[in-house]
Amino acid sequence: ARSPLTPGVVLEIAAGGTVALAYATLEQFQIPLRGGREFGLGRTGVARLLMTVQVFDIACLLPFGVLADRVGAARVLGGVLLLFAVAVGLVAYGDFPSLVLGCALFGVGMAGWTLPLSVLRRETAPAEVGWRTALYRVGVDGGIFLGPFLSGLTATAAPALLPGLLIAALAVVALVLLRRQPPTPR
C-alpha cells in the first residue's frame with residue numbers, strides 16, 4: 001500500500017506542472033509570436049531571444065544547486081517561481097526591452113525546474129521515490145502539452161488570459177512554498 005501524498009509532495013507536483021506550463025507557453029508561443037508579430041523579428045531575432053533564455057538557464061544551474069544545499073530547495077524554488085511569474089508578465093505584456101529582460105528571467109526560472117524533485121525526494125519514503133517521480137513527470141508532461149494547446153485556444157479571444165493565470169499560479173505556489181518553510185537559522 002502506498003503512503004498518502006503529503007501536502008509538500010502535492011505542492012511540488014503543482015510547482016513542476018506550473019513551471020512546465022509556463023515554459024511551454026513562453027517558449028513555444030509567446031516569445032515567437034510576440035517577437036515576430038509585434039516586434040518584427042525574423043527567425044534570427046526570435047532565436048536570439050531563446051538563446052538568452054538558455055544562457056541564463058545554464059549560468060544559474062550551479063549557483064542554484066549550491067544555494068539549495070545551503071538554504072533548502074523549497075526556499076530557493078519559492079524565490080525562483082516568483083521570478084518566473086515576473087518573467088511571464090514581462091514576456092507577455094511588456095515592450096521590447098521588457099521582453100528581453102523577461103527572457104533573461106525566464107532562463108533564471110528554468111534553472112530551478114528540477115528543484116521540486118529535491119523536495120519530493122525529501123518527503124517521500126525511499127521505496128516510493130520512483131512512483132512519486134513518475135507522478136511528478138506526468139504533471140510536467142501535462143504542462144508541456146497544455147501550454148501551446150491552451151495558448152492556441154485562447155490566442156484570438158483572450159490572449160492575455162493564460163499568461164495572467166500563469167502569473168497568479170506561479171505566485172500562489174511560490175508564496176505557499178515560502179510560507180511553509182521555517183526561517184533559516186543565522
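Computed over heavy atoms, backbone and side chain alike; hydrogens, waters and symmetry mates excluded.
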Query raised in the report: Between Y23 (side chain) and G143 (backbone), is there a donor-acceptor pair under 3.5 Å?
Result: no

Requested in this report: Indicate, with yes or no, if V172 and L161 share a hydrophobic cluster defined by side-chain heavy-atom contacts under 4.5 Å among Ile, Leu, Val, Met, Phe, Trp and Tyr.
Outcome: no

Query raised in the report: Sub-3.5 Å donor-acceptor pair from the side chain of R132 to the main-chain atoms of L120, do we have one?
Result: no

Requested in this report: Just do the side chain to side chain contact (heavy atoms under 4.5 Å, CB included) check on E12 and L117 with the steps written out, would you?
Outcome: CA-CA 7 Å; E12 297 312 314; L117 288 172; over 6 Å; no

Requested in this report: Answer yes if L165 and I13 sit in the same cluster of Ile, Leu, Val, Met, Phe, Trp and Tyr residues linked by side chain heavy atoms under 4.5 Å apart, and no otherwise.
Outcome: no

Requested in this report: Answer yes or no: does atom CZ of F64 have more than 12 heavy-atom neighbours from other residues, nucleotides or ligands under 6.0 Å?
Outcome: yes

Query raised in the report: Where do G147 and L21 come nearest, in terms of heavy atoms and distance?
Result: N-CD1, 3.2 Å

**Report entry** Joint hydrophobic cluster, V119 plus V138, side-chain heavy atoms closer than 4.5 Å
**Finding:** no

Requested in this report: Start with the C-alpha gap between L61 and D57, add the side-chain angles, then the distance that decides, and say whether side chain to side chain contact (heavy atoms under 4.5 Å, CB included) holds.
Outcome: CA-CA 6 Å; L61 284 171; D57 180 358; 3.8 Å; yes

Report task. Just do the side chain to side chain contact (heavy atoms under 4.5 Å, CB included) check on T124 and Y136 with the steps written out, would you? Result -> CA-CA 12 Å; T124 301; Y136 170 81; over 6 Å; no

Report summary line: Between the OG1 atom in T25 and the CG atom in L166, the distance rounded to the nearest 0.5 Å is 5.0 Å

**Report entry** Spacing of CD belonging to Q28 relative to CZ belonging to F149, to within rounding of 0.5 Å
**Finding:** 14.0 Å

Query raised in the report: In terms of hydrophobic clusters joined by side-chain contacts under 4.5 Å, are M51 and L105 together?
Result: no

Query - Heavy-atom pair of closest approach, residues L178 and R75 - result: CD2-O, 3.5 Å

Requested in this report: Might you point out which heavy atoms bring G112 and L77 nearest each other, and give the distance in Å?
Outcome: O-CD1, 3.8 Å

**Report entry** L5 and L135, any side-chain heavy atoms less than 4.5 Å apart
**Finding:** yes

Query - Test salt bridge (charged side-chain N to carboxylate O under 4.0 Å, His left out) applied to R48 - qualifying residues, sequence neighbours left out - result: none

Query raised in the report: Could you give all pairs that pass the side chain to side chain donor-acceptor pair (under 3.5 Å) test and reach residues 141-163, with sequence neighbours left out?
Result: R137-D141

Query raised in the report: Between L11 and R180, does a side chain to side chain contact (heavy atoms under 4.5 Å, CB included) hold up when you go through it step by step?
Result: CA-CA 11 Å; L11 191 57; R180 68 185 302 267; 3.5 Å; yes

Query raised in the report: Which heavy atom in V140 sits nearest to a heavy atom in A20, and how many Å separate them?
Result: O-CB, 3.2 Å

Report summary line: Taking every heavy atom of P159 against every heavy atom of P163, the minimum-distance pair comes out as O-CD, 3.4 Å

Query raised in the report: Applying the 4.5 Å side-chain criterion to the ILVMFWY set and letting contacts propagate, would V100 and F29 be lumped into a single cluster?
Result: no

Requested in this report: Supply the atom-to-atom distance I31 CD1 to L41 CG, rounded to the nearest 0.5 angstrom.
Outcome: 11.0 Å

Requested in this report: Look up atom CZ in F56 and atom SG in C103, then write down how far apart they are to the nearest 0.5 Å.
Outcome: 10.0 Å

Query raised in the report: To the nearest 0.5 Å, what is the distance between CD (Q30) and CG (L99)?
Result: 9.5 Å

Report summary line: What one should report as the nearest heavy-atom pair of G16 and P116 is N-CG, 4.3 Å

Query raised in the report: When rounded to the nearest 0.5 angstrom, what distance separates CG in L162 from CG in L26?
Result: 9.0 Å

